[in-house]
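Notes follow the structure.
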Amino acid sequence: MAATLVGGAFLSATLQVLFDRIASQEVVKFIRGRKVLDTLLTKLKTWCLTLSKVLNDAEEKEITDTIVKEWLDELKDAVYHADDLLDEIATKALRCQVEADFVTSTSKVCNLIFTSFDQFGRKLESKIQEVVDKLENLASQINAIGLREGVEGRSSQRVPTTSLVDPETIIYGRDDDEKAIVNLLLSNDVASNNHPCVIPIVGMGGVGKTTLARDIYNNQSVIDHFSLKAWVCVSKEFDIPKITKNIIEAVSSETYNTTDFNIIQTKLKDCLMGKKCLLILDDVWNEKGDDWELLSIPFKYGTSGSRIIVTTRNESVASIMRPIQIFHLNKLSEEDCWLLFANHAFENGKSDAYPELKKIGEEIIKKCDGLPLVAKTLGCLLHSKLNVEDWNKILKSEIWSLPNDGGNILLALRISYNYLPSHLKQCFAYFSIFPKNYLFKKEELVQLWMGEGFLQQHNKNEEMEVIGAEYFLDLVSRSLLQRSNGSKLCFLMHDLVHDLAKSVSSKFCFRSEGDNTNKIIDKTRHFSYLRTKYDIPEKFMALCKAKNLRTFISLEMKEDDKNMEFYLTKRVLHDLLLKLRFLRVLSLSHYCNIELPESIGDFKHLRYLDISFTGIERLPKSTCMLLNLQTLNLSGCKFLVKLPKNMRNLINLRHFHISGTSIKNMPIHMGRLHCLQTLSKFVVGKDIGFRIEELGKLSNLQGVIVISNLQNVINSTNALEAKLKDKEHLEELTLEWDAANDIISRSEREVLNNLKPHTSLTKLFIKNYNDTSFPNWVGDRSFSNITVVHLNSCRNCSSLPSLGQLPSLLDLFVFGFDEVVTVDADFYGSGSYTVTPFQSLKILRFKAMSKWEEWSPYHKEGKDEGAFPSLQELYLEECPKLSGSLPKHLPSLTELDIKECERLETPLPTAPSIRKLQLRNCNDALLKELPPTLHDLTVIGFENLESLPEGVMDHNHCVEKLFIHKFPVLKSLPRGGLSSPTTLKYLSIYDCKELDFPMYSSYSSLVGLIIGDSCNPLKSFPLDIFPKLRYLIIERCSNMESLSVSEGHHLTDLLQLKIKDCHHFVAFPSGGLSAPSLSELEVSNCPLLSSLPENMHTFLPSLQFLDIIKCPQIESFPEGGLPSNLISLRISDCKKLICNRMEWGLQRLQSLKRLGFINCDPHCWDVKSFPEEYLLPTTVTHLYITGFGNLRTLDNKGFQHLTSLQYLSMEDCPKLKHMPEEGLPVTIPNIKIITCPLLTKRLRRKKGKEWRNIAQTPFIEIIERNTSNKANKLSIDGESRRTFLS
């Protein structure tokens, strides 16, 4: 029987695992009859027990005694070695067991096992002897370094469930600060010349800056005041593109797939345009004013009431933002600090019943030094501990008095760590491999802990995932983790607590940041790093010292673009990792160029393998020999079409993520993986071992599963054998038939009926179901937890299931029901139940209902109440025959979208809360009476209307955004009410050629204006009529010739100007365009334009992005040159301008980072060598060369001074043969070569002069366009092939 340890030292849990391994059945069988090995393991256990007796004393003393710390580190290292060796024994036994399944003769099995074990055992004995000798040596030093046995261990009991109010909703001592800041947020009288207004909160770490900002962020008056809110954690790395992407993600539901900063900023500007936005930038460290100015540009497009709150420890950071006022957040008073502490230490904060504890607590509060984080942490630590001795231990701990740069904060928090049970200590220390402000998901972290062996399973009936979840929530209850403000599913760790985790993890956990990898040592077991676009070999060279590494994890911060491409040097997988044979956790997600080596099967200790969202195409066969593997994540590997056939060997696999792959068939006998809990996708086959019955053998399935190819279920009784009804922990279920199979199948209803899930299900998706009706369980009220139902392409169904009585349903999507003619009473379920139908529904979408004619209203006897009382969004799309009435009263509706419903003439529903309306290709009658509450109106495709209803612009309407598209005969827009200016701020006009653009004063409030392929009568656009205009885009206005502005008028608000495809445009305003805030200017395809605005260098001081495209008459830049703050310059197909390139004077543009010479005309740049010496500034980081039809060589002199270059793209240069003679600058990590056939041919040989000139570049990507459009294994949209030469 395994020994039980007393105490809570870090190593105690690891030693307990070691003892459990020694006592395990696999090891016992292995050592039976092997006297030497048996003796060695007995000694190993004995020495470990001896050493465990002084662990508590050692852990207490290691803080102040470096000798003890070194001794403890040596002990940890030896224990890790011992654990690896015992794991090898268990793995060897497991492998022999699996191999025995393929041998029919029992004697052969025995001979195989004994022969294999004899050879393996002899090698193992010497390794175990080394560990035993080391442990014996460490034990001999115990007295010399002053360690004592029997030192009382820390309590291992969990903090009990408390009834205290969540501290995130209670702030002590901050009422005045909060009131003052909220008043500034809501006030319209703030005196400031800067927009947006910035309000920094400055204070030391742990003083509560983030807590105060969070409380303000959730203040109801603040929520009501701002139309957009975003919370972004910045931390030390002030990466402007990443921060900008994070803000986009916060304010919209989309992920923007680009790495071009110009596009990113423009996208954010579009998101913020016209909205009153509150942004919280938490934990800012950057002191560079230029960076702040660049980041803040998009917010100048918002309304004047927008605000930014910044939290920072550094007042100089606040000062560069030119704030309206700096709020210094001081420490809490002792009184407020006590209230916070008592609220966590005592039930309901009542301390009077314990006067002695209260007295001690008041002394402890003095040690907290007014820092709320420390007070809260210690309060949680002492919660429900009523023993005076426990409180005195905290008060008198020697840890308090030790000097620390953080003013005792970290050491105070260490007390909380000391009182963690040993099994939580290693879990807590593990957080140090993640960066600060990292967002944790409980399930992901639990699977990592499980892979590392941190979860202690006391009996076989305990699920490790349940144990791990308890560990995680225990850390949350102790305030060492907290819920993220932005996501209910994510958690984060406070900076100071993270510092503590880093401190206690010592030398064994290492997170790569900057150039610190030289600090890796042989004891390092856990390694992580933040993924970057190009991860080169130098980043990992020092890992060769950590030959016993257990963890290799590539990480991404929340703000990373999920669609961004990342590249990892091949040397990691094909060289470095092959030497790290003790790996248990390997995560290489999101790399495009991942290929697992065939030797991956030799990683016998591996438990966790994550290669999700990579470009991997196949798994090596040897993957099936990873017998310890518990988690295999292949999610998003869209090129992966097939799995190895022997996946059934992975008998310990618990989580198998394959959603987003292109897998067509499952491996045989998946039902043998009895441990499996997560199987995100199952493709039903026809043959034995591939059928749906395999799911019935997986009794532990939970979470999310997609079951596809259900047309292969021939016999409906087979569906019953899947036993979905018994899988009570399934949360989300997708049932999918082949979309190509449109034959009506009378058996599908029985199949679907037998696939009835457990009533605990929360989300249901049914796709391509071909029977004519649904079984009764779909919509049955017993499914009381269902929140989402999507029914997709059920083309033969003539009626909808009765869904109205699902009490928790929030989101319903009905798509492609081609045979439905009427949505009637059955849909509401009103014949069976008396509950208001769809009582909780918030989103309802009908789409592609080709025969739907009538939507019957809901009637209830004796009461005048309708269905859908909570409905907020209603979408009707592509329902060409729908007529009659819609639901008449929708009290909660805020958004209505009707598209391609030509016969619908009914009045719009009565909806007092509606704010957004979109009508596309609908009947003119829908425009007759618009709701007066609209803020956002989009009307598209009304071909017969010559004018909009005058009421749209009346003073009793509040339309702020108006989008008018495809009105071919529209003549005019409403003048608007004369009694007050219109509220209209954003106007977009497309495909309205006959429209006479409105030059009315009622449009003077416009902030954003887009005119596209419209307004043929317009010849000159008067900019000064629109004094508030911030962005202006005019494209395809065939008769427009010029922009005009009154002499001396300054366009102070204008930020963006684009003139595109205006073939008669000839002139900017005479004398120049005075727009001091303009940051982006584009002129594109204006063949008659002969010059850029005059005096650009003085009139456009803020210009950062300039695009000049297809303007062949422009010969030179204006006198004085381009503005000095220019960051990005693109010149395309401007032959006369290019001929004068040596006069450009780009060298003086010290901010210029991105240069693009991108041409469609191959004769535009008639040069054989490029670039000329000193043509380009040394500051350039990204250079794009495209469409140089005669280019032969890259000029050596032109490249040698480009010492900042990081990225070089060459595209469509058919005659290019030569790279620079002396090679490219060493700073460049990536070269992309697209359709340069002569150069590509030379480089593919990987030898010769051209290859030597660039061989040192870590990533060389070659893309060849496939003119035959044949598919190939690395195709991109079937048109090109990519090869990575590095």
Side-chain angles (χ1 to χ4, degrees), residues 461 463 465-466 654-656 659 666 669-686 688-737 745-771 773-792 794 797 800-809 812 829 832-833:
N461 294 325
E463 293 288 352
E465 291 77 7
V466 174
R654 306 174 72 84
H655 303 281
F656 191 24
S659 58
M666 302 303 293
H669 296 314
M670 289 294 291
R672 294 185 182 180
L673 304 180
H674 299 299
C675 294
L676 211 56
Q677 294 192 5
T678 302
L679 179 60
S680 55
K681 178 179 179 180
F682 184 85
V683 184
V684 178
K686 294 181 179 180
I688 293 175
F690 300 93
R691 296 175 182 169
I692 197 169
E693 299 98 294
E694 295 296 311
L695 290 175
K697 305 169 187 177
L698 305 176
S699 58
N700 297 315
L701 284 184
Q702 54 188 265
V704 179
I705 188 171
V706 175
I707 306 175
S708 63
N709 279 12
L710 283 168
Q711 72 279 356
N712 289 332
V713 182
I714 306 301
N715 191 329
S716 61
T717 57
N718 297 139
L720 202 59
E721 294 180 35
K723 300 179 182 178
L724 293 188
K725 193 173 182 180
D726 298 335
K727 303 184 193 308
E728 61 179 305
H729 297 296
L730 272 183
E731 299 173 0
E732 181 177 320
L733 173 63
T734 298
L735 301 172
E736 185 173 349
W737 284 257
S745 172
R746 299 300 178 187
S747 66
E748 286 190 14
R749 190 179 193 278
E750 284 305 311
V751 170
L752 183 56
N753 188 52
N754 289 342
L755 291 175
K756 177 180 179 180
H758 193 275
T759 55
S760 61
L761 196 73
T762 60
K763 296 180 181 180
L764 174 65
F765 303 87
I766 299 176
K767 297 181 180 181
N768 306 318
Y769 172 67
N770 279 318
D771 214 326
S773 64
F774 287 88
N776 293 334
W777 69 261
V778 180
D780 189 90
R781 187 174 176 81
S782 62
F783 287 86
S784 58
N785 296 310
I786 280 193
T787 60
V788 177
V789 174
H790 288 191
L791 306 176
N792 193 323
C794 304
C797 289
L800 298 180
S802 297
L803 300 169
Q805 298 299 311
L806 294 173
S808 301
L809 186 62
L812 173 59
S832 306
Y833 299 98

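Ion pairing of K697 with E694 is present here, as a side-chain N (NZ or NE/NH1/NH2) and a carboxylate O approach within less than 4.0 Å.
Not one N or O on the side chain of N753 forms a donor-acceptor pair closer than 3.5 Å with the backbone of P775. Side chain of R749 to main chain of D771: no donor-acceptor pair is present (N/O by atom type, distance under 3.5 Å, no hydrogens or angles). Judged by distance alone, the side chain of H758 and the main-chain N or O of S760 form a donor-acceptor pair under 3.5 Å. Put simply, the side chain of N792 never gets that close to the backbone of K767: no donor and acceptor are under 3.5 Å apart. Distance alone, capped at 3.5 Å, places no donor-acceptor pair between the T787 side chain and the L809 backbone. Panel note: side chain N770, backbone C794; no donor-acceptor pair is recorded below 3.5 Å. A side-chain donor-acceptor contact under 3.5 Å links N754 to the backbone of S716.
To the nearest 0.5 Å, atom CD of residue E750 and atom CG of residue L720 are 10.0 Å apart. For the atom pair CZ of F656 and CE of M666, the computed distance is 6.0 Å after rounding to the nearest 0.5 Å. One distance of note links CG of L803 with CG of D780; it measures 11.0 Å at 0.5 Å rounding. The line from CD1 of I786 to CD of E732 is 11.0 Å long, rounded to the nearest 0.5 Å. The line from CG of L806 to CG of L812 is 9.0 Å long, rounded to the nearest 0.5 Å. Annotation: the span from L710 atom CG to I692 atom CD1 amounts to 5.5 Å, rounded to 0.5 Å.
Side-chain contact between V683 and S708: present, with at least one pair of heavy atoms (C-beta onward) separated by less than 4.5 Å. Contact of the T762 side chain with the V788 side chain is not registered, since no non-hydrogen atoms from C-beta on lie closer than 4.5 Å. A heavy-atom distance below 4.5 Å is found between the side chains of R781 and P807.
Nearest heavy atom pair, residue S784 against residue S808, reads O-OG, 2.6 Å. The two atoms that bring S773 and C797 nearest to each other are N-SG, 4.1 Å, heavy atoms only. Counting all heavy atoms, side chain and backbone alike, T717 lies closest to N715 at OG1-OD1, 2.7 Å. Shown here for A719 and V751, the closest heavy-atom pair between the two residues is CB-O, 3.8 Å.
The ring-ring contact (aromatic ring centres under 6.0 Å, His included) test applied to Y769 returns W737, F774, not counting sequence neighbours. Scored by the salt bridge (Lys or Arg N to Asp or Glu O under 4.0 Å) test, E736 finds no partners at all (sequence neighbours excluded).
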Exercise for the section: Any chance you could lay out the side-chain contact (heavy atoms from CB on, under 4.5 Å) test for T734 and I705, step after step, and finish with the verdict? Expected result: CA-CA 6 Å; T734 298; I705 188 171; over 6 Å; no
Exercise for the section: Step by step, work out the side-chain contact (heavy atoms from CB on, under 4.5 Å) result for N700 and L676. Expected result: CA-CA 6 Å; N700 297 315; L676 211 56; over 6 Å; no
Practice task
Run the numbers on T759 and L761 for side-chain contact (heavy atoms from CB on, under 4.5 Å), then give the verdict.
Solution key: CA-CA 5 Å; T759 55; L761 196 73; over 6 Å; no
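Neither side chain, T678 nor R654, offers a donor N or O lying under 3.5 Å from an acceptor on the other.
Summarising the local packing, NZ of K763 is surrounded by 12 or fewer heavy atoms from other residues, nucleotides or ligands at distances under 6.0 Å. When the shell of 6.0 Å around CD1 of I714 is examined, it contains more than 12 heavy atoms from other residues, nucleotides or ligands.
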Could you list the donor-acceptor pairs under 3.5 angstrom formed by side chains in residues 724-731, with sequence neighbours left out?
| unit_1 | atom_1 | unit_2 | atom_2 | d |
| --- | --- | --- | --- | --- |
| K727 | NZ | L695 | O | 3.0 |
| K727 | NZ | L698 | O | 2.9 |

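Between F783 and W777, the angle of the ring planes lies from 30° to 60°, which puts this pair in the tilted group.
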